[in-house]
Undergrad: 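Sharing a structure with you now.
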Amino acid sequence: MKTSIATVSISGDLPEKLAAIAAAGFDGVEIFENDFLAFDGSPADVGRMVRDHGLEITLFQPFRDFEGMPEPQRSRTFSRAERKFDLMTELGTDLMLVCSNVSPLSLGGIDRAAADFRELGERAARRGLRVGYEALAWGRHVSDHRDAWEIVRRADHKNIGLILDSFHTLARRIDPDTIRSIPGDRIFIVQLADAPLIEMDLLYWSRHFRNMPGEGDLPVAAFMRAVAATGYSGTLSLEIFNDQFRGGSPKTVSVDGYRSLVYLMDRVKRAEPDVSIAVPDMPDRIEVLGVEFVEFTADEEEAAELSSMLTAMGFRETARHKSKDVALFRQGDINLVLNTERKGFAHSAHLVHGMSAYALGLKVQDANATVERAEALGAEVFEQAPGPGEIAIPAIRGVGGGVIYFIDAKSDLAKVWDIEFEPLKDVVPETGAGLKAIDHVAQTMAYDEMLSWVLFYTSIFRTRKTPVVDIVDPAGLVRSQVIGNEDGSLRLTLNGAENRRTLAGHFIAESFGSGIQHLAFATSDIFAAAAALRRNSLEPLSISRNYYDDLEARFGLEPKFSDRLRAENILYDRDSTSEYFQIYTPMFGEGFFFEIVERRGGYAGYGGPNAPFRIAAQKRRMGPKGMPKM
Ligand SMILES: O=C(O)c1ccc(O)c(O)c1
Ligand SMILES: [Mg+2]
């Protein structure tokens, strides 16, 4: 598989773009004409710069408004093309993209267009160049790859071929299987892009909202399977027009792009094992069996505060690490690790972020295979030399540089609690709070990072993403998207903050980066949990009276029931068949908190409608300087 990306997909100037593209592992680059025009150097300089990075130029593009013009424009388009052929020769590339004509002057007519391409093919052949024709979704007469193919077929010239672009086909909802009847050797290059499903003008959607395959909602894998079925084995090139990427980090966008291509081809290869495109060998997407633990880093004072809050929520410290300042708190199937070491990675994480839930332990079938897949997809492997008597737990770096550990039952990993920890004597019995499992882990990040982490989680793990939900914070919008597995044993809510004044934005700014902002525990009796908090003098986040009045009206609740919710500060949501209950703890650190939830009747959401009221309540509790107070 030869990989490529268009320069237009990345931010920065041309040298920055090329450096990032090469570092991410691409084989080639499409030179988008504007990037060349904006560069103050000769075409030969650009060609040299590309090749010095070990890249090749896979395509020069776009050449616009060519086919089907009346005279005198027609003659002019040919002289224009000759000029660009000169340029291509100097750059050192043999393939040019002509996109379908959008000019009001263009006449249409398949044979007229075919004749123009035949002549262009002759001219290109004289210079050893090739031309590919792409149907823009908003082309004036040609807006469908089937019509573009018919023109290429009738042009009947070996230097004229077809260019497919997943966006143009899929945005128009053209069945990608119509590609299967096109001969693979007549496809000169394949451009790939995804996009979120938003109803809008095609051109605007294409130029501003494309994203990497797997980041959006278009069936790019089905498109690619159809391409693969033609026998096409040439370059796969990302062409992503995206406002966010233009302003983003060249490195991140390139790395995400490469990951998206490898992941896409991995999916295609599994669905169509006979494809002739070489794909890196790696284990299939990893099934997550649940969250084994969450690990906090804290100093002594923070640890005392955290452990008293955990105790009030019904957790008990059950074991201590044999050689480190690390404590294990348990309740139900929940394991929380409290690390107060003054050295090692936990300590470094503390120096950077302060008290934080810096590591997540996931249960999988095969921990080593998990790291192998993650590494093949460009994730960073995490290694820390194990101390005496410790086992090396396979791990990768995740959101905000945090760690994701993998625990499996096929090795000693599952026995880590017995191997590394010494049980405490005289552990008091569970106090009846009834927390059973981790319901979800909420990670907060800048909105710009969200797509990256969506791709990270969905490409490595067998997970799905939900549609993005907008959450209104009094100071701005926070977007929320959930990554989850089939049985609900892994639910990660990603929250993307657009500014620093939102609660989520404050958290990222003050804890110096993205990370886990809250943990939600599942119970099967929210009122018992509330009673336990009360017994243990943990006052939950106080919710406004107005909220309960509205709740009663909105859902037609019995006043007795809504009074009970109000008395316990329980937030409530329901749909036609199921109900959801939530209680929040106060915040500590820079806005970290816990939540306790009960799902009745298979409620699948996260209480999105309640989020603005919860956030408002949290902000009320923040001091004048915006610092959370207990
Ligand atoms: O938006 C455009 O004009 C444009 C240009 C070239 C392409 O390959 C494309 O897909 C879109
Ligand atoms: Mg294109």
Side-chain angles (χ1 to χ4, degrees), residues 3-10 17 26 28-38 57-67 77 80-81 84 87-88 93 95-104 106 117 130-149 151-152 160-174 176 179 182 187-195 198 200-213 216 218 220 223-224 226-227 232 234-246 257 260-261 264:
T3 57
S4 157
I5 183 167
T7 51
V8 72
S9 319
I10 312 257
K17 291 179 192 228
F26 286 94
V29 60
E30 291 182 13
I31 299 289
F32 211 76
E33 184 163 27
N34 272 352
D35 283 312
F36 164 71
L37 298 180
I57 302 178
T58 52
L59 177 71
F60 174 76
Q61 74 136 333
F63 189 74
R64 298 184 190 275
D65 298 338
F66 162 72
E67 78 283 14
T77 60
R80 194 157 55 85
K84 298 305 168 187
L87 167 58
M88 287 168 59
T93 181
L95 183 60
M96 177 162 88
L97 176 147
V98 173
C99 50
S100 59
N101 203 326
V102 301
S103 165
S106 69
F117 272 108
R130 299 176 303 144
V131 173
Y133 183 41
E134 172 195 55
L136 292 177
W138 55 90
R140 193 159 182 93
H141 304 293
V142 174
S143 56
D144 185 320
H145 66 253
R146 290 167 291 193
D147 295 332
W149 163 238
I151 289 167
V152 167
I160 299 293
L162 181 68
I163 292 181
L164 293 169
D165 179 324
S166 60
F167 180 86
H168 298 298
T169 294
L170 300 174
R172 292 194 70 101
R173 298 172 200 270
I174 298 165
I179 291 168
I182 299 170
I187 303 171
F188 279 2
I189 197 165
V190 173
Q191 296 182 315
L192 294 164
D194 203 336
I198 327 174
M200 73 168 85
D201 170 67
L202 284 172
L203 184 147
Y204 198 78
W205 188 21
S206 173
R207 295 229 176 122
H208 301 273
F209 292 92
R210 290 189 183 203
N211 54 24
M212 303 297 176
L218 300 179
V220 184
F223 172 92
M224 198 50 228
V227 169
Y232 176 81
T235 301
L236 300 180
S237 192
L238 296 167
E239 189 198 30
I240 319 290
F241 305 92
N242 180 302
D243 296 341
Q244 214 177 299
F245 296 178
R246 279 179 209 277
S260 79
L261 271 185
L264 177 68

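No hydrogens, no waters, no symmetry mates; every other heavy atom, side chains included, goes into these values. As the structure lists them, so they are numbered: ligands from 1, and atoms in each ligand from 1.
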Undergrad: In terms of side-chain geometry, is the basic nitrogen of Arg210 or Asp165 positioned less than 4.0 Å from the acidic oxygen of its partner?
TA: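 Yes, Arg210 and Asp165 are salt-bridged.
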Undergrad: If you leave out waters, which protein N, O or S atoms are less than 2.8 Å from the Mg ion (ligand 2)?
TA: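 For the Mg ion (ligand 2), the protein N, O and S atoms that sit under 2.8 Å away are Glu134 OE2, Asp165 OD2, Gln191 OE1, Glu239 OE1.
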Undergrad: Hey, would you say the Phe167 and Trp205 ring centroids sit under 6.0 Å apart?
TA: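 Yes - the distance between ring centres of Phe167 and Trp205 falls below the 6.0 Å cut-off.
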Undergrad: Can you list the atoms of ligand 1 that are under 4.0 Å from a heavy atom of His168?
TA: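 In order of numbering, the contacting atoms are 9 (C), 10 (O), 11 (C).
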Undergrad: Is there a salt bridge (charged side-chain N to carboxylate O under 4.0 Å, His left out) between Asp35 and Lys17 once you walk through the steps?
TA: CA-CA 10 Å; Asp35 283 312; Lys17 291 179 192 228; 3.0 Å; yes
Undergrad: Is the closest side-chain heavy-atom distance between Phe66 and Phe117 below 4.5 Å?
TA: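 Counting from C-beta outward, Phe66 and Phe117 do come under 4.5 Å.
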Undergrad: Are Phe60 and Glu30 side-chain neighbours, meaning at least one heavy-atom pair lies under 4.5 Å?
TA: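 Result no, sub-4.5 Å side-chain heavy-atom pair not found.
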Undergrad: Could you list the atoms of ligand 1 found under 4.0 angstrom from a heavy atom of Glu134?
TA: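 That gives atoms 6 (C), 7 (C), 8 (O), 9 (C), 10 (O) of ligand 1.
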Undergrad: What residue and heavy atom of the protein are closest to atom 3 (O) of ligand 1, and at what distance?
TA: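 For atom 3 (O) of ligand 1, the nearest protein heavy atom is Arg64 NH1, 2.6 Å.
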Undergrad: Please state which part of Arg210 comes within less than 4.0 Å of ligand 1, counting heavy atoms only: side chain, backbone, both or neither.
TA: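 Side chain only.
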Undergrad: Under 4.0 Å from any heavy atom of Glu239, which atoms of ligand 1 are there?
TA: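 In order of number, 6 (C), 7 (C), 8 (O), 9 (C), 10 (O).
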Undergrad: Do any nitrogen or oxygen atoms of Gln191 come within less than 3.5 Å of a nitrogen or oxygen of ligand 1?
TA: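 It does: an N or O of Gln191 is found under 3.5 Å from an N or O of ligand 1.
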Undergrad: If you count the atoms of ligand 1 from 1 in the order shown, which ones are under 4.0 Å from a heavy atom of Arg207?
TA: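 Counting atoms of ligand 1 from 1, those under 4.0 Å from Arg207 are 1 (O), 2 (C), 3 (O).
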Undergrad: At a 4.0 Å threshold, what atoms of ligand 1 neighbour a non-hydrogen atom of Leu97?
TA: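 Atoms satisfying the 4.0 Å criterion: 8 (O).
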Undergrad: Taking 4.0 angstrom as the limit and counting only heavy atoms of Gln61, give me the atoms of ligand 1 inside it, by number and element.
TA: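 Heavy-atom distances to Gln61 below 4.0 Å select 6 (C), 7 (C), 8 (O).
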Undergrad: Under 4.0 Å from a heavy atom of Leu136: which atoms of ligand 1 are those, numbered in the order shown and with their elements?
TA: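 In order of numbering, the contacting atoms are 4 (C), 9 (C), 11 (C).
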Undergrad: Looking at Leu203, is its backbone amide N or carbonyl O close enough to the side chain of Ser206 to form a donor-acceptor pair, meaning the two atoms are under 3.5 Å apart?
TA: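 No, because the side chain of Ser206 does not come within donor-acceptor range (under 3.5 Å) of the backbone of Leu203.
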